[in-house]
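What follows is one structure encoded as structure tokens, with my remarks underneath.
Just so you know, these numbers use all the heavy atoms, side chains as well, and skip hydrogens, waters and symmetry mates. Keep in mind that this is a model prediction, so the values were computed, not measured. Here is the naming used below: chain letters follow the sequence lines, and residue numbers restart at 1 for every chain.
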Protein chains: 2
Amino acid sequence: MEKLNIPLYQRLYEDIKYKIRRNEYKKNSKLESIRSLAKRLDISTTTVEKAYNQLLIEGYITSIPRSGYIVLAVDLLEKSTHNPLVDPIITPAYPNTKLTNDLFDIKNYKAIVNKVINYDSDKLYTECDPRGEEELREEIRKYVLSERDVKCDVNQIIIGAGIQNLLLILLNITDKKSVAYLSPAFKKAMNVFKSYGYTLKPRKTIKEISRIKADYLYLSPSNIYPTGEVIKIKERNDIIKWSKQNDAFIIEDDYNFFLRYNSYTVPSIHSYSNGENVIYMGSFSKTFLPSMRLSFMILPVPLYNIYKNRFSDFSQGVSKLEQLTLARFMKEGCFRRHTKKLYNLYKEKNEAITSSLIRQNKHNNFSIRGNDSNLHVILDFKTKYYLDTFIRNCDRYSLGYEKINGSNSVIFPYSGIETKNIKRLIKDLFYNM
Amino acid sequence: MEKLNIPLYQRLYEDIKYKIRRNEYKKNSKLESIRSLAKRLDISTTTVEKAYNQLLIEGYITSIPRSGYIVLAVDLLEKSTHNPLVDPIITPAYPNTKLTNDLFDIKNYKAIVNKVINYDSDKLYTECDPRGEEELREEIRKYVLSERDVKCDVNQIIIGAGIQNLLLILLNITDKKSVAYLSPAFKKAMNVFKSYGYTLKPRKTIKEISRIKADYLYLSPSNIYPTGEVIKIKERNDIIKWSKQNDAFIIEDDYNFFLRYNSYTVPSIHSYSNGENVIYMGSFSKTFLPSMRLSFMILPVPLYNIYKNRFSDFSQGVSKLEQLTLARFMKEGCFRRHTKKLYNLYKEKNEAITSSLIRQNKHNNFSIRGNDSNLHVILDFKTKYYLDTFIRNCDRYSLGYEKINGSNSVIFPYSGIETKNIKRLIKDLFYNM
């Protein structure tokens with residue numbers, strides 16, 4: 001492993017290798033015997049033996065009984081000497097899209113990480129359970145039961161390093177062909193389906209979806225992107241029936257379910273379907289720490305039974321330290337306190353942004369949508385001029401936004417703006433309008 | 001988020017919902033007006049409004065201008081009341097397969113985790129770079145350059161939560177059909193290829209592979225499983241040429257490259273091919289902590305350029321705390337010290353196991369293979385009787401092993417056996433033989 005003090009045998013090996021590669025030692029020629037070379041160089045036979053052994057292993061020479069070590073033909077490819085130069089990827093960081101963590105109790109988090117290292121260090125020395133650590137799965141079971149009325153056995157919960165990696169497992173244990181979804185889709189998820197050769201079936205409404213056939217339906221029924229709308233109870237019933245009639249699975253991606261500012265959280269589809277045709281998915285990146293990559297899915301019993309026979313095909317992607325820390329964080333009630341604080345902060349921001357926008361809208365130049373949930377608002381401008389002016393002002397302040405194609409609408413995220421700055425900033429963004 | 005102190009509006013909402021679901025409030029019937037209900041119950045209109053709003057959002061009622069709130073038809077599916085019961089997955093933990101970490105400096109590791117939380121907490125509040133943190137990629141670049149002569153730009157390095165997750169990215173940015181490999185294969189990797197619809201082309205030798213066509217060649221040239229053999233220099237040249245002629249990529253899975261007990265580590269294929277057709281892959285689970293899930297791949301420039309345009313399709317799977325901790329661990333030289341200690345310990349175990357086995361083999365009942373590298377030995381027994389006896393003894397001590405199909409051979413891992421116990425244990429495993 002160390003390159004500084006190169007041992008003698010290695011120097012000898014390098015020297016002979018160099019000579020073979022340079023054709024100074026010709027093909028089929030015999031190398032000096034170990035004894036003879038050792039004597040000539042005044043080194044031990046063990047050293048020569050080790051050097052020859054290395055050349056043997058790599059295939060530069062071969063050993064022929066009663067004949068000795070013979071040089072093999074090596075048709076050389078030159079080793080590269082340069083580093084390739086490539087263009088870097090630039091990922092702009094917009095201040096308004098940052099997730100707020102003014103409230104994250106880093107000291108407490110640190111204390112819990114240290115507890116895990118102190119008390120659970122034995123566990124860190126062993127491999128991960130392919131499904132994730134039981135401690136964490138049990139905490140997740142209790143959490144989804146109390147918050148989302150999702151009933152499951154702890155064994156049905158599978159932890160993974162993000163939704164994409166969970167989809168890798170899911171698409172592996174099922175043999176399906178098509179996926180329906182409400183457009184616009186969660187692109188990163190659809191990308192996995194696409195790469196698995198699935199037919200993508202984007203539709204505008206649940207009604208349209210219930211008229212087609214598909215093997216999967218990918219949906220965030222409690223928070224449709226980008227409007228934050230909710231699938232109504234009648235349509236919920238319809239798609240549960242549809243899934244049963246079509247032998248299809250609903251993937252309920254329940255992200256940001258708790259970010260509803262003017263209403264109570266909406267029940268999960270899983271809770272209405274007996275979990276039969278529903279794969280429930282959740283993530284901790286948005287509720288815990290944006291830099292934490294930890295998601296989970298809950299498999300319906302028939303899929304769990306397939307997974308059970310195939311679990312050794314998959315590796316767990318999340319490190320144990322991370323899993324055990326989150327488990328303790330949840331168990332000690334810190335997670336609940338944290339999400340509550342987070343919710344209150346976002347609600348405050350949401351109210352500040354909504355009232356500031358209304359203040360800027362005396363002439364009804366735009367309407368506001370999607371401010372009932374999530375961490376962004378949608379602004380529908382009356383004219384392209386107003387839209388362009390707004391966007392120009394966003395660019396001036398290096399703020400992120402997303403235009404909605406074929407409209408004068410724009411999605412404006414506000415999670416990263418401090419509440420005290422919202423009023424002033426919104427005023428500036430409507431300058432010249 | 002809190003369920004204990006249920007607010008009044010929510011109790012009202014639950015009550016009305018219950019009545020709608022029980023058909024006490026009939027379809028198309030009108031709900032009492034907000035004002036009237038508030039007056040009757042002696043509560044604020046805001047409370048009633050919030051309850052109605054929640055029912056509106058979920059679709060139990062609708063609002064008709066100048067008419068009021070109308071109950072919608074809800075064709076009910078009953079909520080589940082039970083937890084499904086499923087059989088758990090049993091994953092036996094064999095003591096001899098455990099990775100040794102007697103040597104892992106947990107105190108130092110803890111100190112570094114704390115440094116990251118103290119000094120880099122700002123970074124923990126932002127999302128991960130899809131490729132992984134630059135600090136870590138730079139440390140990996142220096143490491144593979146010094147240890148494996150792998151030359152690359154830091155941008156070509158992509159971090160992921162295990163080889164499977166890196167393959168998910170790789171197979172996404174390429175459009176290929178077949179993969180060749182030396183059997184037996186690394187099953188977890190082949191499983192990903194298979195699920196992507198690839199044709200698997202297992203072959204016994206490099207010679208056979210060089211005669212067929214394939215888009216990928218998955219290979220661990222410096223440590224072929226399970227023998228630990230090495231692809232000889234001539235064959236290395238052959239497959240590099242083969243890859244160029246066939247426009248194929250070699251995936252060089254360079255796991256355990258440093259575990260060579262009687263020779264120096266063998267140079268990587270990447271270093272001989274100018275990295276042109278080689279995707280170099282590595283992992284830290286075996287060299288660092290078994291519970292850490294962190295791998296990386298180095299993309300050749302043409303693939304990097306495709307990835308560059310598609311990077312936003314993928315999420316990083318490894319949490320930042322983990323990435324930054326490993327980066328510091330490497331930067332401060334701890335990783336190099338750790339692997340060196342680990343190597344010495346395994347070498348010691350390897351020597352103890354080899355000499356103990358030789359001692360038990362006075363009658364030449366078996367031969368020993370594969371003890372030049374890795375953390376297991378292969379025993380080829382002369383007869384099925386000897387094999388069965390050995391296996392029965394392993395079972396008696398709850399030790400793990402892997403039979404090689406169609407032979408009297410067995411793979412016996414020893415990483416988890418303490419050096420001081422090896423002699424005694426090996427003696428016991430040959431009891432009755």
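Ile89(A) is listed as a side-chain neighbour of Tyr304(B), based on a closest heavy-atom distance under 4.5 Å. Annotation: side chain of Lys308(A) is not in contact with side chain of Pro88(B) (no heavy-atom distance under 4.5 Å). Taking the side chain as every heavy atom from C-beta outward, Lys232(A) and Leu72(B) never approach each other to under 4.5 Å. Side-chain contact between Tyr109(B) and Leu321(A): present, with at least one pair of heavy atoms (C-beta onward) separated by less than 4.5 Å.
Of the inter-residue distances, the one linking Asn165(B) atom CG with Asn165(A) atom CG reads 3.5 Å to the nearest 0.5 angstrom. Interatomic distance, CD of Gln323(B) versus OG of Ser319(A), reported as 10.0 Å (0.5 Å rounding). With rounding to the nearest 0.5 angstrom, the NZ atom of Lys286(B) is 7.0 Å from the CD atom of Glu127(A).
Only the side chain of Phe311(A) comes within contact range of chain B, with at least one heavy atom under 4.5 Å from a heavy atom of that chain. Heavy atoms closer than 4.5 Å to chain A are found in the side chain of Tyr9(B), but not in its backbone. Residue contact with chain A, scored on non-hydrogen atoms closer than 4.5 Å, involves the backbone of Leu56(B) exclusively. Of the two parts of Ser222(B), neither the backbone nor the side chain holds a non-hydrogen atom closer than 4.5 Å to a non-hydrogen atom of chain A. Only the side chain of Asp372(A) comes within less than 4.5 Å of a heavy atom of chain B; its backbone N, CA, C and O stay farther away. Both the backbone and the side chain of Ser312(A) come within contact range of chain B, judged by heavy atoms closer than 4.5 Å. The part of Lys123(A) that comes within reach of chain B is its backbone (N, CA, C, O), which places non-hydrogen atoms under 4.5 angstrom from that chain. Using a 4.5 Å cut-off between heavy atoms, Val318(A) contacts chain B through its backbone alone, with no side-chain atom that close. With a 4.5 angstrom heavy-atom cutoff, Asn53(A) touches chain B only via side-chain atoms.
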*Assess whether side-chain hydrogen bond (donor to acceptor under 3.5 Å, both in side chains) is satisfied between Asn118(A) and Lys110(B), documenting all intermediate values.*
CA-CA 9 Å; Asn118(A) 289 339; Lys110(B) 195 168 92 172; 2.6 Å; yes

*Arg310(B) and Asn191(A): side-chain contact (heavy atoms from CB on, under 4.5 Å), yes or no, with the steps?*
CA-CA 10 Å; Arg310(B) 298 249 341 254; Asn191(A) 183 43; 3.1 Å; yes

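Residues satisfying the ring-ring contact (aromatic ring centres under 6.0 Å, His included) criterion with Tyr52(A), sequence neighbours excluded, are Tyr69(A).
A perpendicular orientation is assigned to the rings of Tyr125(B) and Phe104(A), their planes being inclined by more than 60° (bins at 30° and 60°).
The residues Lys188(A) and Asp313(B) are annotated as not salt-bridged, no charged nitrogen and carboxylate oxygen being separated by less than 4.0 angstrom.
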